[in-house]
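The structure appears below as structure tokens.
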Amino acid sequence: MKMNLKKLLGKENVFLDLKSSSKKDIIKEMIDRLVVSGKIKDREAALEAVLTREEKMSTGMENGIAIPHGKTDSVDQLITAVALKKEGVDFDSMDGQVSTIFIMTISPQSRSGPHIQFLAEVSKLLKEPEAREMLLAARTVEEVIRVFS
Amino acid sequence: MRFSFLFFTLFCTRPLLASADKASPDISHLMTNLVLQVALIVIAARVVGIIFSRYLKQPKVLGELVAGIIIGPYLLGSITLPLLKQPLFPKTETLLPVSPELYGLAVIASIVLLFLAGLETDLPTFLRYSFMGSMVGIGGVILSFFLGDMISVLLLPNVNSFMSPTALFMGTLSTATSVGITARILSEKRKMSSPEGVTILAGAVLDDVLGIVLLAVVVGISKIGSKGASIDWGGIAVIALKAFGFWLVCTVLGIIFAKRLSKGLKWLRSNDAIACVAFGLALFLAGLAEMAGLAMIIGAYIMGLSLSQTDISNELRERLDGVYQFLVPIFFCVMGMMVNFSAMKGIVLFGLVFTALAIIGKLLGCGLPAFIMGFNLRGAFRVGAGMLPRGEVTLIVASIGLAAGAIGQDMFGVAIMALLVASVIAPPLLIKSFKGGNGLRNKISVKEKDEGCHIELEFPSVRITEFICSRILKAFRNEEFFACKLNFEDNIYQIKKENISITLLLKGKIIEFNTAAENKQIVSLILLEEIIELKDLFEGIHKLKSPDLMCKELASGLFSEEKKK
């Protein structure tokens, strides 16, 4: 089954130029931007959910990809975001590389839904080096969205 | 939930009861009789079924049939009971030896049976081995039908045409295979995925379909026949076309719209409600099929077949299991009740010949195509023996024939006899046939399964593994997967969501996952998240301030008087 990643992402949730330079700040910045776009109402709850999950095990994966995520009932539905930091940030990743591509999801705690499946679909896509290269080369939001289309 | 189904199914028999109400003012008497009859049937079918399976090592259904014969109107059921001042199962004046209410319950049971048979149909296996399966299925159906029909024309004095309703019904009776017994043996012998195993399973799918379409045609023709008309080939062609048309259109529509239907059902959000509505739809299609001049079971089977490839199929099977366990023994028992041995006195010889030919029909009809396509004699015999057992479809065909007056009680008895003999001899024959070497003459292109994703997790103890397994299943359900136990003895679970299918096997301290390579990401991520949660949970238990004190407090006072403070 193919999920419609493009539909789940939305242009307003793509951030091309993250400013922060530490793991915690990257998470904060992404959540703040989601708060600005009106996707998250309770900033503190969302932040706590993602940081708590991060404490249990870092979501810095391989090949520069990080998937910070968390569960909180302060959201009604799955919230997703894609962000880039081309210079990379130390995200305590599995392969020791800096992370450049950040896929964030915040999902409701008590409601079932294909939340992890979103990350699985993204992982399937970004396993391909070409897809990662295209993302990092993207200059506009549209170019990022195109990778997920 | 299961009770709600029982209410539902009993509610469905109300029209029958209502008609009885018009005929007789004493409805409470009728109901008392029905309740007592059902009580005896439920208990007797279960007890004799268990005796058969536990002590005689025979399928339960045979025990249920025999229970029906024993307590039915032709044996113990005709004895007048002092409390009732009449027999519990009095003989009736109608074509059917049981009351319409009881027969109604058996009809609902047959719909449940065929709906579930449809749900269990393994279409992918059939499609994968469709050519070989088709040849085996078609061969078995054609030869068995021909032999059954022919022997009736040759040996029965009042049957003088191949197209006579009796001959047609006897032919149809010979065709149906009940693969349940074979599947159990194949699974026990780990031969399910052997070339013989997949050929039998694929053949049995087509066998079911052909048998049911054949029934539709035969019912139609016998309706013309019973009107006393001479053979009207044009009419028969119309009926055959109508039957195939209804079958084809409904099946194709069902398969096309199955996903939408399952999506619509999921809107209900409750698995119980989904099962209830799906069963309601099966009843509805069964009614439509009957209105179209076909048999009800055709509609029920099509609805099951349509839903069989959706992710809710296992959930439906699990939810309907309660209804199945309650109603299906009633069905087999009621079928047994219709056996009148005294009516068979003059035709025992015919019965024996018919039974022998029914067995030969399957062995040769299925074995020959298998032999031609590359099996050696041993393999061809295995395929033929696997297609031998008869079951519910034979009984339903026989009861429809009896109700329509196309066959008499004597032929009904013959059908039961053939069923009993074929089902008793098939298992030992099949087990014996699988001893020995390869069943292939040439290398047959039976495709090996594609390289998939295999994940194995080992935990410190069986208890922890079971606990973690339940958590993992819940995690999949939270991701909107449908997970259910496939095999109660072996702890195999199937986890499905649209076209994602994952098998979870719980083996002592190990949990094993098997799925297609493309699903590796979703399985790994769900497991990763769940194990992180579990780690957190176990650490939380460690952090309990004083678990020992907690245990002491709970244990104190269990074996002593509570101290007064």
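Order of the sequence lines fixes the chain letters, A, B, ..., with proteins taken first and strands second; residue numbering starts at 1 for each chain.
No more than 12 heavy atoms of other residues, nucleotides or ligands lie within 6.0 Å of NZ in B:K509, so this atom counts as exposed by the packing criterion. Residue B:F284 places its CZ atom among 12 or fewer non-hydrogen atoms of other residues, nucleotides or ligands, all under 6.0 Å distant. Heavy-atom neighbours of B:F459 CZ from other residues, nucleotides or ligands within 6.0 Å: above the threshold of 12. At most 12 non-hydrogen atoms from other residues, nucleotides or ligands lie less than 6.0 angstrom from NZ of A:K41. Other residues, nucleotides and ligands place more than 12 heavy atoms under 6.0 Å from the CD atom of A:E143.
For the pair A:K124 (side chain) and B:E518 (backbone), a donor-acceptor distance under 3.5 Å is present.
The minimum heavy-atom distance linking A:Q117 with B:K497 is given by the pair OE1-NZ, 2.7 Å.
With a 4.5 Å cut-off on non-hydrogen atoms, B:E539 does not touch chain A at all.
To the nearest 0.5 Å, atoms NZ (A:K56) and CD1 (B:I532) are separated by 8.0 Å.
Looking only at side-chain heavy atoms (C-beta outward), B:K535 and A:M57 stay at 4.5 Å or farther from each other.
Proximity to chain A among residues 519-531 of chain B is limited to B:Q521, B:I522, B:L525, B:I526, B:L528, B:E529, judged by heavy-atom separations below 4.5 angstrom.
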